[in-house]
Structures are given as C-alpha cells and as structure tokens.
Amino acid sequence: MSFIIAAAGQGRRMGAGGNKVYMPLGDKPVLAYSLAVVEASPLVDEVIIVTRGEDIRLCREIVAAGPFRKVKEIVAGGEERQDSVAAGLKAVAPPAEWVAVHDGARPFLSSALLARVVDAAGKTGAAVAALPVKETIKRGNEEGIVTATLVREGLWSVQTPQVFRREWLVDAYSKAKENGWTATDDASLVEKAGYPVRLVYGEEINIKITTPGDMILARAILAGEWSCG
C-alpha cells in the first residue's frame with residue numbers, strides 16, 4: 001500500500017508563521033510521529049510526502065534524521081489540499097493497488113487504527129476513520145443567527161487515514177478535474193464518483209493540530225496528562 005501524507009498546509013489558523021507539521025512536539029516535529037507509525041507498519045510499502053515547495057529541504061532533513069526509509073518521494077503541493085493530494089497520487093508506484101491518505105497534522109495515528117481502516121477498505125473498496133458527532137449541531141447564517149438545528153444521529157466527524165482502491169481514487173480525482181468538483185477530504189470525491197465508502201470508528205486521540213489550542217492538547221496527550229481511555 002502507498003501512503004500519502006498531506007503536509008502542505010499554510011498554518012494560518014495556527015499563527016505560527018510557517019507549516020505546523022514542522023513545529024516541535026516533544027523532542028521531534030509533528031510530522032515525525034505519523035511517519036514513525038507507517039515506517040513500522042507491515043501494511044505500508046511506500047510513503048509519499050506532499051509539502052510546500054519551500055519546505056522540501058526541511059522535510060528531507062526530517063526524513064533523513066528518522067531515518068524513514070519508506071519515504072519514496074517528497075513532492076510539492078498545490079494551493080488547496082485537493083491539489084496537493086493529486087500531486088501525491090501522481091507519485092504513487094504503478095503496482096500499488098491501495099492508497100492511504102493521512103493528514104500530516106495528525107501526529108497520534110495508531111497502528112491499530114490504521115489496521116482497522118485498511119481491513120474495512122479491503123472489504124468495501126474505501127474506508128475512512130471517523131467519530132460519531134456528540135455535540136448538538138446548528139446551522140447559522142452570515143449574521144450568526146441560527147437557521148436550523150440538525151439531527152446529530154447518523155452524523156460523523158471524519159478523520160484520516162482514509163484508504164481507497166487506487167483505481168477508485170484516481171478515477172475520483174480525474175472526474176473532479178473534469179467536473180470542477182472541490183472537497184475538503186478525499187472520501188467526498190470518491191463518494192461523488194459513485195463509490196461506496198465505509199465509516200470506521202476512529203480514535204478521539206487522533207486529533208488534527210490546527211489552532212494553538214490543539215497544540216496545547218497535543219502536548220498534554222504526549223505527556224500522558226489527557227487520555228480518552
């Protein structure tokens with residue numbers, strides 16, 4: 001299986017003045033945590049990292065320091081996440097039957113979660129890690145006035161990794177380009193292309209570092225001061 005790590009974010013909401021995946025978390029950068037998991041996983045054959053062009057040199061240094069020998073290529077991403085994953089998909093080795101996509105800003109990927117998503121994808125062709133929504137969800141207008149309260153039963157908050165048959169993901173991205181589809185995750189494109197996607201129970205600890213508050217939480221998780229059990 002080929003494993004694409006999307007790490008080309010701008011980090012605007014973090015306010016760090018740079019890519020959040022290269023920020024220190026404990027004794028190593030955020031990106032190194034998920035890299036260590038896939039390096040050790042027998043399910044992963046190769047890793048492609050997609051990052052900003054100006055960060056490629058730094059990324060190479062992190063890979064060499066690992067050392068993370070499964071990293072096959074480090075490629076430059078695009079303006080949007082969708083553009084970056086498309087660039088990573090082009091670097092996937094032709095024999096690969098399966099492709100996983102993971103956010104580089106999710107450092108607490110576990111080998112158990114990866115295995116569950118891969119297993120589910122093997123049965124249906126595509127699977128994503130996700131958690132049932134627990135909070136009440138409301139829709140609001142531009143003035144901040146509530147316009148609807150949604151029924152939360154059946155709603156899921158999607159995470160990564162997301163695993164797909166390679167031909168499905170390639171087809172979905174091809175159709176997205178042809179039809180001008182845009183999406184914030186890969187599963188949305190695969191769904192639009194007409195393929196079934198299975199939801200796999202994710203992990204609450206599998207947070208995405210987006211804001212300064214997320215980094216505080218990540219440090220607490222790393223220190224063992226916060227746990228979901």
Side-chain angles (χ1 to χ4, degrees), residues 1-13 19-21 31 34 38 44-56 59 71-106 109 113-114 117-118 120-131 133 139 150 154-200 202 206 208 210:
M1 179 177 69
S2 293
F3 197 96
I4 297 172
I5 297 182
Q10 300 293 323
R12 296 186 185 96
R13 283 177 285 179
N19 195 329
K20 59 198 171 189
V21 303
L31 178 62
S34 53
V38 294
V44 177
D45 300 306
E46 66 173 14
V47 177
I48 293 100
I49 303 173
V50 188
T51 193
R52 299 189 305 174
E54 58 264 44
D55 292 328
I56 287 179
C59 189
V71 176
K72 173 197 170 188
E73 284 195 49
I74 300 171
V75 300
E79 282 293 316
E80 304 295 336
R81 183 185 186 280
Q82 186 171 319
D83 302 319
S84 295
V85 175
L89 193 54
K90 290 179 182 177
V92 170
E97 295 182 16
W98 297 92
V99 177
V101 183
H102 184 64
D103 298 322
R106 291 187 189 270
L109 169 67
L113 177 57
L114 176 59
V117 179
V118 170
K123 296 172 182 175
T124 61
V128 301
L131 290 173
V133 171
R139 180 180 290 119
L150 307 183
L155 296 181
W156 293 68
S157 178
V158 175
Q159 304 178 332
T160 63
Q162 302 187 356
V163 179
F164 312 93
R165 288 189 183 277
R166 180 175 181 264
E167 61 190 70
W168 288 15
L169 190 58
V170 169
D171 182 49
Y173 266 87
S174 176
K175 287 177 177 174
K177 186 175 182 180
E178 292 173 7
N179 299 297
W181 298 344
T182 59
T184 54
D185 81 325
D186 308 286
S188 297
L189 297 179
V190 172
E191 293 157 29
K192 275 193 170 186
Y195 300 108
V197 177
R198 182 178 293 274
L199 294 164
V200 177
N206 184 31
K208 184 177 182 181
T210 304

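Just so you know, residue 1 is the first one in the sequence shown, and it goes up from there.
- In this structure, the side chain to side chain contact (heavy atoms under 4.5 Å, CB included) partners of A105, at least two apart in sequence or on a different chain, are K20, V21, K208.
- Counting all heavy atoms, side chain and backbone alike, V117 lies closest to P161 at CG1-O, 3.9 Å.
- Atom CZ of residue R52 and atom SG of residue C59 lie 12.0 Å apart, to the nearest 0.5 angstrom.
- Counting heavy atoms from C-beta outward, V200 and V128 have side chains that stay 4.5 Å or more apart.
- Not one N or O on the side chain of K175 forms a donor-acceptor pair closer than 3.5 Å with the backbone of W181.
- T51 places no side-chain N or O within donor-acceptor distance of the main-chain N or O of A8, the cut-off being under 3.5 Å.
- In this structure, T210 OG1 and D103 CG are separated by 8.5 Å, a value rounded to the nearest 0.5 Å.
- Counting only residues at least two apart or in different chains, salt bridge (charged side-chain N to carboxylate O under 4.0 Å, His left out) contacts with residues 183-200 comprise R81-D186.
- A distance of 5.5 Å separates CG in L113 from CG in N206, rounded to the nearest 0.5 Å.
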Would you sort out whether V133 and L150 count as a side-chain contact (heavy atoms from CB on, under 4.5 Å), showing the intermediate values? CA-CA 11 Å; V133 171; L150 307 183; over 6 Å; no

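- Residues I4 and G88 approach most closely at CD1-C, 3.7 Å, considering heavy atoms.
- With rounding to the nearest 0.5 angstrom, the OG atom of S174 is 9.0 Å from the CG atom of N179.
- Residues E46 and V92 have side chains in contact (heavy-atom distance under 4.5 Å, counting atoms from C-beta outward).
- Closest heavy-atom contact between A87 and A76: CB-O, 3.7 Å.
- R166 places no side-chain N or O within donor-acceptor distance of the main-chain N or O of V99, the cut-off being under 3.5 Å.
- Partners of A172 by side chain to side chain contact (heavy atoms under 4.5 Å, CB included), not counting sequence neighbours, listed by chain and number: L189, V190, A193.
- With contacts defined as side-chain heavy-atom distances shorter than 4.5 Å, the pair N19/L31 does not qualify.
- The two residues S34 and G104 have their closest heavy-atom pair at OG-O, 4.5 Å.
- To the nearest 0.5 angstrom, W168 atom CH2 is 6.5 Å from T124 atom OG1.
- Between F3 and L114, some side-chain heavy-atom pair lies under the 4.5 Å cut-off.
- Side chain of T160 to main chain of Q162: no donor-acceptor pair is present (N/O by atom type, distance under 3.5 Å, no hydrogens or angles).
- Considering all non-hydrogen atoms of both residues, H102 and L109 come closest at NE2-CB, 3.8 Å.
- For the atom pair CD of E167 and CH2 of W98, the computed distance is 9.0 Å after rounding to the nearest 0.5 Å.
- Scanning all heavy atoms of the two residues, the minimum distance from G78 to S84 falls at N-OG, 3.0 Å.
- Between L89 and V170 the shortest side-chain heavy-atom distance falls below 4.5 Å.
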